[in-house]
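The structure appears right after this line, and notes come after that.
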Amino acid sequence: MAERPGSYPPLDVLKPVADNLWIVDSGPFRVAGIIPVPVRMTVVRMRSGEMLLHSPTRWTGLLQRDIETLGPVRHLVAPNPFHWSFVRAWQSHCAGARVWAAEGTRNRILVRLKGPRIDAELAHAPPREWADELDMEMIRGRVFRELALFHRASRTAILTDLVVNLDPEKLPYWRRSGVSAVGSLAPKGRAPVYARIAYRMNLREAAPAARRVIAWNPARVIFSHGAWYQRDGAARLALSLAWLTGAER
């Protein structure tokens with residue numbers, strides 16, 4: 001597929017990260033109809049051979065076939081109440097796949113009207129199907145919440161919106177200052193300011209959860225928007241979450 005401004009081509013194809021771990025870059029989508037924001041899915045092959053899709057991006061028949069050459073798609077994860085838009089398409093094409101969602105996702109009006117069928121919501125512990133391979137932590141703010149995962153075998157943290165790290169060269173030059181102002185410009189990306197406010201409103205619970213995520217000591221950190229951390233994962237994640245853990249000066 002031809003490159004789209006703001007994207008990380010090639011799009012809608014599997015890209016290997018580590019053994020049994022891939023990403024799929026897609027998008028971009030325009031925030032407020034203006035700012036191009038790339039999106040990213042993480043794909044995990046479990047020891048059982050089943051495939052887990054974290055924050056699914058747009059469905060294509062070719063992408064599904066490529067994934068299914070590795071194993072059957074059995075787990076679709078909507079890791080926060082906002083990343084569910086493409087789950088329904090994957091659900092309709094992947095017979096037998098279960099949809100796991102962050103707590104509170106079912107209650108959103110748009111999910112009730114247009115969303116997928118959610119088989120289970122998650123909050124405090126991973127389901128038994130993942131527990132031997134993926135750690136999970138819920139970071140809970142007001143309205144905002146996110147399931148963070150850790151793929152033990154590859155020491156990879158898998159996030160969604162807790163870190164947004166948009167490449168300045170992939171943004172219109174006249175939008176870079178605005179993205180910087182909300183705190184989401186690479187190489188020092190953080191969650192946007194409105195999300196930081198929401199998480200800080202539940203600091204007593206959210207800060208210890210963020211520290212536990214950093215304590216996973218990830219080698220790399222994958223997230224949905226922008227340039228993910230391919231090395232020095234723990235140190236870079238600690239900097240990106242300093243606003244939440246209390247380490248920010």
Side-chain angles (χ1 to χ4, degrees), residues 7 11-14 21-31 37-46 48-131 133-141 143-151 158-162 164 195 198 222-225:
S7 66
L11 303 180
D12 304 320
V13 299
L14 285 168
L21 187 69
W22 298 260
I23 60 170
V24 176
D25 288 307
S26 192
F29 298 92
R30 294 189 176 272
V31 175
V37 176
V39 294
R40 179 175 297 113
M41 167 169 67
T42 305
V43 178
V44 180
R45 180 167 54 194
M46 315 299 286
S48 64
E50 296 179 347
M51 306 301 291
L52 179 148
L53 311 187
H54 173 276
S55 190
T57 50
R58 60 184 164 224
W59 175 89
T60 73
L62 180 59
L63 178 57
Q64 181 181 348
R65 288 192 295 274
D66 285 346
I67 293 173
E68 289 181 337
T69 63
L70 302 169
V73 176
R74 290 290 182 264
H75 307 283
L76 304 171
V77 183
N80 67 34
F82 308 99
H83 275 241
W84 54 266
S85 299
F86 297 104
V87 173
R88 185 173 181 177
W90 283 95
Q91 184 181 55
S92 68
H93 288 94
C94 298
R98 296 197 72 190
V99 174
W100 310 88
E103 65 172 7
T105 304
R106 278 194 187 113
N107 294 333
R108 296 201 68 212
I109 293 175
L110 281 176
V111 175
R112 292 177 183 177
L113 294 174
K114 299 181 179 181
R117 181 195 71 255
I118 294 173
D119 295 296
E121 289 194 338
L122 302 174
H124 302 294
R128 59 180 177 78
E129 290 91 339
W130 314 349
E133 301 178 63
L134 294 168
D135 293 319
M136 190 188 86
E137 190 70 49
M138 168 66 81
I139 298 93
R140 187 182 289 106
V143 180
F144 286 79
R145 61 198 61 195
E146 179 168 322
L147 294 173
L149 302 182
F150 182 64
H151 184 239
I158 305 171
L159 309 181
T160 312
D161 296 334
L162 272 173
V164 177
I222 300 172
F223 39 83
S224 293
H225 309 296

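Below, all heavy atoms of this structure are taken into account, side chains as well, without hydrogens, waters or symmetry copies.
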Inset, instruction - Please assess Phe86 against Met41 for the test side chain to side chain contact (heavy atoms under 4.5 Å, CB included), listing each intermediate value before the final yes or no. - result: CA-CA 11 Å; Phe86 297 104; Met41 167 169 67; over 6 Å; no
Legend entry - Side-chain touch Trp90/Ile67, heavy atoms, less than 4.5 angstrom: yes
Inset, instruction - Decide yes or no on side chain to side chain contact (heavy atoms under 4.5 Å, CB included) for Leu122 and Met136, but give the supporting numbers first. - result: CA-CA 9 Å; Leu122 302 174; Met136 190 188 86; 4.1 Å; yes
Legend entry - Over all atoms of both residues, closest heavy-atom pair of Gly49 and Pro72: O-CD, 3.6 Å
Inset, instruction - Return yes if some donor-acceptor pair links the side-chain N/O of Glu50 with the main-chain N/O of His75 below 3.5 Å, else return no. - result: no
Inset, instruction - Determine yes or no for a side-chain-to-main-chain donor-acceptor pair under 3.5 angstrom, with Glu146 supplying the side chain and Asp161 the backbone. - result: yes
Inset, instruction - Drop me the distance from Leu11's CG to Thr60's OG1, to the nearest 0.5 angstrom. - result: 11.0 Å
Inset, instruction - Could you tell me whether the side chain of Leu76 reaches within less than 4.5 Å of the side chain of Gln91, counting heavy atoms only? - result: yes
Legend entry - Ser224 vs Val39 side-chain heavy atoms within contact, under 4.5 Å: no
Inset, instruction - For a side-chain contact (heavy atoms from CB on, under 4.5 Å) with Trp22, tell me which candidate from Asp66, Val13, Leu70, Thr42 qualifies. - result: Leu70
Legend entry - Heavy-atom pair of closest approach, residues Ala89 and Ser92: O-OG, 2.7 Å
Inset, instruction - Give the minimum heavy-atom separation between Arg88 and Gly115, together with the two atoms involved. - result: CD-O, 3.8 Å
Inset, instruction - Keeping the roles fixed (side chain from Glu121, backbone from Trp100), state whether a donor-acceptor pair exists under 3.5 Å. - result: no
Legend entry - His83 and His225 aromatic centres sub-6.0 Å: yes
Inset, instruction - Could you walk me through whether Gln64 and Leu53 pass the side chain to side chain contact (heavy atoms under 4.5 Å, CB included) test, one step at a time? - result: CA-CA 11 Å; Gln64 181 181 348; Leu53 311 187; over 6 Å; no
Legend entry - Minimum heavy-atom distance between Ala198 and Phe144, given as atom pair plus value: CB-CD1, 3.4 Å
Legend entry - Residue pair Trp59, Val87: steps toward the side chain to side chain contact (heavy atoms under 4.5 Å, CB included) verdict: CA-CA 9 Å; Trp59 175 89; Val87 173; over 6 Å; no
Inset, instruction - For the residue pair Glu133 and His151, confirm or rule out a side-chain donor-acceptor distance under 3.5 Å. - result: no
Legend entry - salt_bridge(Glu129, Arg98) N-O dist < 4.0 Å: yes
Legend entry - Distance, nearest 0.5 Å, that separates CD1 of Ile118 from CG of Asn107: 9.0 Å
Inset, instruction - Return yes if a side-chain donor-acceptor contact under 3.5 Å exists between Ser26 and Arg58, otherwise no. - result: yes
Inset, instruction - Measure from the side-chain N and O atoms of Arg106 to the backbone N and O of Arg112, and report whether any donor-acceptor pair falls under 3.5 Å. - result: no
Inset, instruction - Report yes if the side chains of Ile158 and Val44 come closer than 4.5 Å at any heavy-atom pair, otherwise no. - result: yes
Inset, instruction - Determine whether Leu134 and Pro126 make a side-chain contact, defined as any pair of heavy atoms from C-beta on separated by less than 4.5 Å. - result: no
Legend entry - Test salt bridge (charged side-chain N to carboxylate O under 4.0 Å, His left out) applied to Arg117 - qualifying residues, sequence neighbours left out: Asp119
Legend entry - Working for salt bridge (charged side-chain N to carboxylate O under 4.0 Å, His left out), residues Glu103 and Arg140: CA-CA 10 Å; Glu103 65 172 7; Arg140 187 182 289 106; 2.4 Å; yes
Legend entry - Inter-residue atom distance Asn80.CG - Leu162.CG, 0.5 Å rounding: 8.5 Å
Legend entry - Approximate separation, where rounding is to 0.5 Å, of Trp84 CH2 and Ser55 OG: 12.5 Å
Inset, instruction - Give a yes or no answer on whether the side chain of Arg74 reaches the backbone of Ala97 with a donor-acceptor pair at less than 3.5 Å. - result: no
Legend entry - Any donor-acceptor N/O pair, Arg145 side chain to Ala102 backbone, under 3.5 Å: no
Inset, instruction - Could you pull out the closest heavy-atom pair between Trp130 and Leu149, with the gap in Å? - result: CZ3-CD2, 3.9 Å
Inset, instruction - Measure the spacing between CG of Leu21 and CD1 of Ile222 and express it to the nearest 0.5 Å. - result: 4.5 Å
Legend entry - Minimum heavy-atom distance between Gly27 and Ser7, given as atom pair plus value: O-CB, 4.2 Å
Inset, instruction - Step through the shown structure and confirm whether more than 12 heavy atoms of other residues, nucleotides or ligands are within 6.0 Å of CG on Leu113. - result: yes
Legend entry - Approximate separation, where rounding is to 0.5 Å, of Ile23 CD1 and Leu14 CG: 10.0 Å
